[in-house]
Q: 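One structure, as structure tokens, below. Some questions next.
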Amino acid sequence: MPANRSPLAAIALLSLFALPACSADDPPVRAEDPPAAAPLSHGDASDDGCLRFPRTVGGLDAGFETPESAYWDEGTEAWYVANMAGVPDEMLERPRFKDGRGWISKLDRCGSIVEAKWLSGMNAPKGIRVAQGKLYTSDMDELLIIDLATKDVRRIPALGAIFLNDLALADDGTVYISDSFTRTVWRCKNERCAPFFWSPLLNVPNGLLVDGDKLAIVTLGTFRAPSSLGKVWMLDLESKELTRFGTLEAKLDGIERYRDGYLVSVNAPPAVYWVTSTSSTLVRDFRDDGLTAINDLGLDPARRVVAAPAFFQHTVTLFRVPRNPR
């Protein structure tokens with residue numbers, strides 16, 4: 001990104017086509033400015049052979065460019081990072097982001113880069129999940145299914161999608177993908193993708209997570225006037241009833257299950273919160289790390305390690321979360 005370009009101006013273009021969200025009745029816990037108090041202890045002592053956490057890896061020289069999502073795969077004991085390869089405002093100058101510049105990086109369990117370009121030739125990959133030896137990632141208007149052993153790629157089109165973002169996997173193999181510019185969640189099943197759910201409340205839908213019979217959805221909200229903040233929603237996958245979860249309001253990006261709540265990443269100002277139905281607890285304020293924004297977080301639950309990409313700084317920061325965030 002050019003040095004004279006404002007990061008917030010670049011983020012704003014993600015919501016060019018979004019409208020303000022409806023207001024909620026509950027008093028919100030807002031996160032425009034995370035509390036000044038120090039975050040909870042991260043348990044940074046190294047007990048698994050890795051360097052002490054937190055640590056930040058990557059950068060343009062190391063082979064990252066606009067990393068948007070990170071995911072931990074226990075089977076290969078590796079982190080996978082989706083590189084969009086271009087900040088949003090620059091990418092909008094290229095038709096529908098179809099430039100083949102995106103790639104996925106592979107990191108070891110400690111966060112060291114194993115292959116900066118583990119697999120290239122994508123357009124703007126974002127959300128990542130892994131199941132049964134396959135890596136799933138969204139790529140603008142396609143779902144890519146990649147064999148981790150052979151790197152063979154299967155592409156499933158989502159005809160009519162504009163900006164496929166994060167994705168989530170159900171136990172039966174169904175894939176759900178957020179389309180951020182259309183307030184829509186897509187469903188991919190039996191080699192076919194189709195719109196599954198639309199709501200005016202989904203104001204720039206972003207991170208997704210299947211949790212039992214519910215789909216957790218976090219929204220980004222808009223940056224252009226009148227600006228709005230994102231929220232956490234729960235979608236019943238059978239009845240399609242959409243309900244508000246908790247009271248956190250912020251520019252939300254990613255979500256992962258943790259203990260009896262969820263770890264939620266806030267895009268800007270950059271932070272991770274632990275969210276339950278009744279509380280929102282600051283876990284880390286990334287302004288202390290010199291970051292201006294973070295994106296879709298990944299979690300290694302066994303080691304309590306979170307990986308948070310920062311696409312303006314082209315880095316990934318890894319840190320431990322507390323055993324009990326309360």
Side-chain angles (χ1 to χ4, degrees), residues 42-58 62-64 67-84 103-119 125-138 144-149 151 165-171 175-176 206-211 216 218 253-259 261-265 272-274 283-284 286 289 294-311 315-323 325:
H42 303 142
D44 290 338
S46 177
D47 57 7
D48 56 9
C50 295
L51 296 175
R52 294 176 65 89
F53 296 113
R55 65 175 304 204
T56 297
V57 298
F64 285 1
E68 199 280 335
S69 180
Y71 187 80
W72 166 257
D73 174 45
E74 183 179 0
T76 56
E77 291 195 324
W79 295 94
Y80 294 90
V81 177
N83 291 268
M84 295 169 61
W103 68 84
I104 292 176
S105 302
K106 182 178 181 180
L107 285 60
D108 69 16
R109 63 199 302 271
C110 300
S112 299
I113 297 173
V114 176
E115 291 182 77
K117 290 191 175 181
W118 176 77
L119 186 65
K126 287 175 283 299
I128 294 178
R129 295 282 166 179
V130 174
Q132 298 182 340
K134 302 290 192 297
L135 184 148
Y136 298 75
T137 187
S138 62
L144 306 188
I145 305 176
I146 303 161
D147 188 291
L148 287 172
K151 299 185 183 180
N165 199 330
D166 196 22
L167 53 79
L169 285 173
D171 290 340
V175 182
Y176 298 92
N206 204 338
L208 301 182
L209 178 71
V210 174
D211 192 3
V218 300
D253 202 302
I255 182 168
E256 290 289 347
R257 183 75 180 177
Y258 188 70
R259 305 305 189 203
Y262 300 90
L263 292 172
V264 177
S265 57
V272 168
Y273 281 81
W274 183 64
V283 176
R284 189 172 192 85
F286 288 87
D289 302 295
I294 62 167
N295 305 94
D296 185 15
L297 79 170
L299 171 67
D300 174 0
R303 296 186 301 149
R304 299 181 288 110
V305 175
V306 166
F311 69 15
T315 59
V316 174
T317 296
L318 297 95
F319 69 98
R320 291 191 197 276
V321 295
R323 294 185 186 278

Q: Look only at the side chain of Asn295 and the backbone of Phe311, and say whether a donor-acceptor pair between them is shorter than 3.5 Å.
A: yes
Q: Give me the atom names and distance for the closest heavy-atom approach of Asp108 to Val114.
A: N-CG2, 3.5 Å
Q: So, are Glu256 and Arg129 salt-bridged, with charged N and O less than 4.0 Å apart?
A: yes
Q: Which distance, rounded to the nearest 0.5 Å, do you find between the OH of Tyr80 and the OG1 of Thr137?
A: 13.0 Å
Q: Donor-acceptor pair, distance only, cut-off 3.5 Å: does the side chain of Trp103 make one with the backbone of Ala116?
A: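 Confirmed, Trp103 side chain pairs with Ala116 backbone.
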Q: Given the rule in the side chain to side chain contact (heavy atoms under 4.5 Å, CB included) test, do Ile146 and Ile104 qualify, once you have shown the distances and angles that lead to the verdict?
A: CA-CA 11 Å; Ile146 303 161; Ile104 292 176; 4.1 Å; yes
Q: Of all heavy-atom pairs between Val81 and Ala70, which one has the smallest distance, and what is that distance?
A: CG2-CB, 4.2 Å
Q: Crowded around Glu115 CD? As in, over 12 foreign heavy atoms under 6.0 Å?
A: yes
Q: Going through the distances and angles, do Phe286 and Phe319 end up as a ring-ring contact (aromatic ring centres under 6.0 Å, His included)?
A: CA-CA 11 Å; Phe286 288 87; Phe319 69 98; 5.6 Å; yes
Q: So, for Glu68 and Gly127, which heavy atoms are closest and what is the spacing to 0.1 Å?
A: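 Closest heavy-atom pair between Glu68 and Gly127: OE1-N, 4.0 Å.
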Q: Rounded to the nearest 0.5 Å, what separates atom CG in Leu299 from atom CG in Leu263?
A: 6.0 Å
Q: Show the nearest heavy-atom pair for residues Arg52 and Arg55, with the distance to one decimal.
A: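 Closest approach of Arg52 to Arg55: O-CB, 4.2 Å.
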Q: Taking side-chain hydrogen bond (donor to acceptor under 3.5 Å, both in side chains) as the definition, give me every residue that meets it alongside Asn206, ordered by chain and number, with sequence neighbours left out.
A: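 Asn206: side-chain hydrogen bond (donor to acceptor under 3.5 Å, both in side chains) contacts with Asn165.
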Q: Output the distance between atom CG (Leu167) and atom CG (Leu209), rounded to the nearest 0.5 Å.
A: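 So the CG of Leu167 and the CG of Leu209 are separated by 11.0 Å.
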Q: For the atom pair OG1 (Thr317) and CZ (Arg284), what is the distance rounded to the nearest 0.5 Å?
A: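 Going from the OG1 atom of Thr317 to the CZ atom of Arg284 covers 7.5 Å.
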Q: Distance check, rounded to the nearest 0.5 Å: Asp300 atom CG versus Arg320 atom CZ?
A: 8.5 Å
Q: Looking only at heavy atoms, which two atoms of Gly254 and Ser265 are closest? And how far apart?
A: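 Scanning both residues completely, I find the closest heavy atoms to be N-OG, 2.7 Å.
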Q: Excluding sequence neighbours, so at least two apart, what forms salt bridge (Lys or Arg N to Asp or Glu O under 4.0 Å) with Arg109?
A: none
Q: Distance alone, cut at 3.5 Å: any donor-acceptor contact between the side chains of Asp166 and Ser69?
A: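 Their side chains do not contain a donor-acceptor pair, so the 3.5 Å distance test is not met.
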Q: Is a donor on one side and an acceptor on the other found under 3.5 Å between the side chain of Lys151 and the backbone of Trp118?
A: yes
Q: Tell me, do Tyr71 and Leu135 make a side-chain contact under 4.5 Å, heavy atoms counted?
A: no
Q: Please find the pair of heavy atoms, one from Val305 and one from Phe53, that lie closest to each other, and give the distance.
A: CG2-CE1, 4.0 Å
Q: For the pair Trp274 (side chain) and Tyr258 (backbone), establish whether a donor and an acceptor sit closer than 3.5 Å, ignoring hydrogens and angles.
A: yes
Q: Quick one: CZ on Arg304 to CZ on Arg323, what's the gap to the nearest 0.5 Å?
A: 4.0 Å
Q: Please walk me through it: do Ser105 and Ile113 pass side chain to side chain contact (heavy atoms under 4.5 Å, CB included)?
A: CA-CA 8 Å; Ser105 302; Ile113 297 173; 5.5 Å; no
Q: Yes or no on side chain to side chain contact (heavy atoms under 4.5 Å, CB included) for Asp253 and Ile294, after CA distance, side-chain angles and deciding distance?
A: CA-CA 8 Å; Asp253 202 302; Ile294 62 167; over 6 Å; no
